[in-house]
There are 2 protein chains.
Amino acid sequence: MAKRAIVSQSLDSCPINPVVDLVFSRWTTPILWVLRLHGRQRFNEIERRLPTISPKVLTQRLRQLERDGLVARTYYAEIPPRVEYEMTQLALSLVPVFETLVDWSEAHLHEVEQARHAYDEAI
Amino acid sequence: MAKRAIVSQSLDSCPINPVVDLVFSRWTTPILWVLRLHGRQRFNEIERRLPTISPKVLTQRLRQLERDGLVARTYYAEIPPRVEYEMTQLALSLVPVFETLVDWSEAHLHEVEQARHAYDEAI
DNA sequence: GAAGTCGCTTTCCTTTAGGAACCTACTATA
DNA sequence: TATAGTAGGTTCCTAAAGGAAAGCGACTTC
């Protein structure tokens, strides 16, 4: 808590840092992407579509996304229990942001590859 | 290396993941932001403007940004030595992306705050 | 002669994220 | 009886990131 306060004190000069922490921490964009592509779905469906995520981490990320208001969780007290996850309106408002990133990626990512090769060639 | 390959196998379904790794890994946006705000500058100037970064990490990040083609490094063999860093054209092409993030932040970040409070209140 | 400047590098240490494997209660199915 | 499926929780462990502090070479300043 105190550490976070000190860090943010220096990082607040970068106004996009809160959004980065929110949206671009590990696994959050893949999860949101899967939810966007395949709509409302259950825990195990998400897990199957993200083959390398462990259930522990998936739970952690989904809880965080739920707390941040980006994912809605619906619990059905059936047997066996059923839980469904979906993007919220707030998360949907991020879609244009993602599209901007996809556009940049398509336009410029190969330049990054070139730069890396050039850098590595030059030792 | 092998691990990275396995990970990307499952994360490539999220097409913005390479950009996220590139631009939104820790400290990269604050560094780019400082370079954008204050233009071409020296190592110690960046360090002073990011009070909590350690020189080791700043060096690591600058090298990575240089390799990725986002930052240009100019070395002057004077005594004491002088080094200047600046954004490349490639990095400047990211500015609209950053602005999209700032816009989203201004429009929606308070909703995230509200969602967190609501979640925490509900235990 | 001591200290400061610059752009790092090196070493050591702590923190943290994340993976693996196992566990839960309950039921339907084979 | 055994197995599978449901949505996770728990424990243990390791790899990696990152911070703190010291040092370096070559020179200038006090």
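No experiment lies behind these values; they were computed from the predicted model shown. Lettering follows sequence order; numbering is per chain, from 1.
- With hydrogens and angles ignored, the 3.5 Å screen pairs a side-chain donor or acceptor of A:E45 with a backbone N or O of A:R42.
- For A:E111 and A:H108, the side-chain atoms include at least one donor-acceptor pair closer than 3.5 Å.
- Each of D:dT6, D:dG8, C:dG18 was ranked by its minimum atom distance to the side chain of A:P80; first place goes to D:dT6.
- Between C:dG18, C:dC6, C:dT9, one nucleotide has an atom nearer to the side chain of B:T59 than all others, and that is C:dT9.
- Between the CG atom of B:D21 and the C1' atom of D:dA16 there is a distance of 15 Å, given to the nearest Å.
- When each of A:P81 and A:S54 is assigned the nucleotide of DNA chain C bearing its nearest heavy atom, the one mapping closer to the 5' terminus is A:S54.
- A:Y75 places its OH atom 10 Å from the P atom of D:dA7, with the value rounded to the nearest Å.
- Distance CD (A:Q41) to P (D:dT6): 13 Å, rounded to an integer number of Å.
- Distance A:Q60 CD to C:dA17 C1': 8 Å, rounded to the nearest Å.
- Note on the helix from C:dG1-D:dC30 to C:dA30-D:dT1: terminal axis deviation equals 20°, with five pairs used at each end and the result rounded to 10°.
- A:R63 and A:Q60 are not linked by any side-chain donor-acceptor pair at a separation below 3.5 angstrom, with hydrogens and angles left out of the test.
- Residue A:Y76 is classed as having no contact, given no heavy-atom separation below 4.0 Å to the nucleic acid.
- Judged by distance alone, with hydrogens and angles left aside, the side-chain atoms of B:Q41 form a donor-acceptor pair with the main-chain N or O of B:V34 at under 3.5 Å.
- The nucleotide whose nearest atom lies closest to any side-chain atom of A:N44 is, among C:dC6, D:dA7, C:dG18, D:dA7.
- When the P atom of C:dG7 is taken as reference, atom CG of B:L58 falls 10 Å away, rounded to whole Å.
- Considering every non-hydrogen atom in both A:L35 and A:V71, the closest pair reads CD1-CG2, 3.7 Å.
- Residue pairs satisfying the side chain to side chain donor-acceptor pair (under 3.5 Å) criterion with at least one member in residues 85-98 of chain B, sequence neighbours excluded, are listed as follows: A:W104-B:S93, B:R40-B:E86, B:R73-B:Y85.
- Side chains of B:Q64 and B:R61: a donor-acceptor N/O pair is present below 3.5 angstrom, by distance only.
- Between the P atom of D:dC27 and the CZ atom of B:R82 lies a distance of 17 Å, rounded to the nearest Å.
- Comparing D:dG8, D:dG19, C:dG7 against the side chain of B:F43 picks out C:dG7 as the nearest.
- Atom OH in A:Y85 sits roughly 8 Å away from atom P in D:dA7 (whole-Å rounding).
- The side chain of A:R42 has D:dT6 as its nearest neighbour among D:dG18, C:dT9, D:dT6.
- Neither OP1 nor OP2 of D:dA7 sits under 4.0 Å from any side-chain N or O of A:R48.
- Checked against D:dG8, C:dC8, C:dC6, the side chain of A:P55 finds its nearest nucleotide in D:dG8.
- Side-chain proximity of A:R63 to D:dG19, C:dG18, D:dG8: nearest is D:dG8.
- Between B:R36 and B:V95, the shortest heavy-atom distance links the atoms NH2-CG1, 3.4 Å.
- Between B:L62 atom CG and C:dC6 atom C1' the separation is 15 Å, expressed in whole Å.
- Between the side chain of A:K56 and the base of C:dG19 there is at least one donor-acceptor pair of N/O atoms closer than 3.5 Å.
- Residue B:R26 places at least one side-chain N or O closer than 4.0 Å to OP1 or OP2 of D:dG19.
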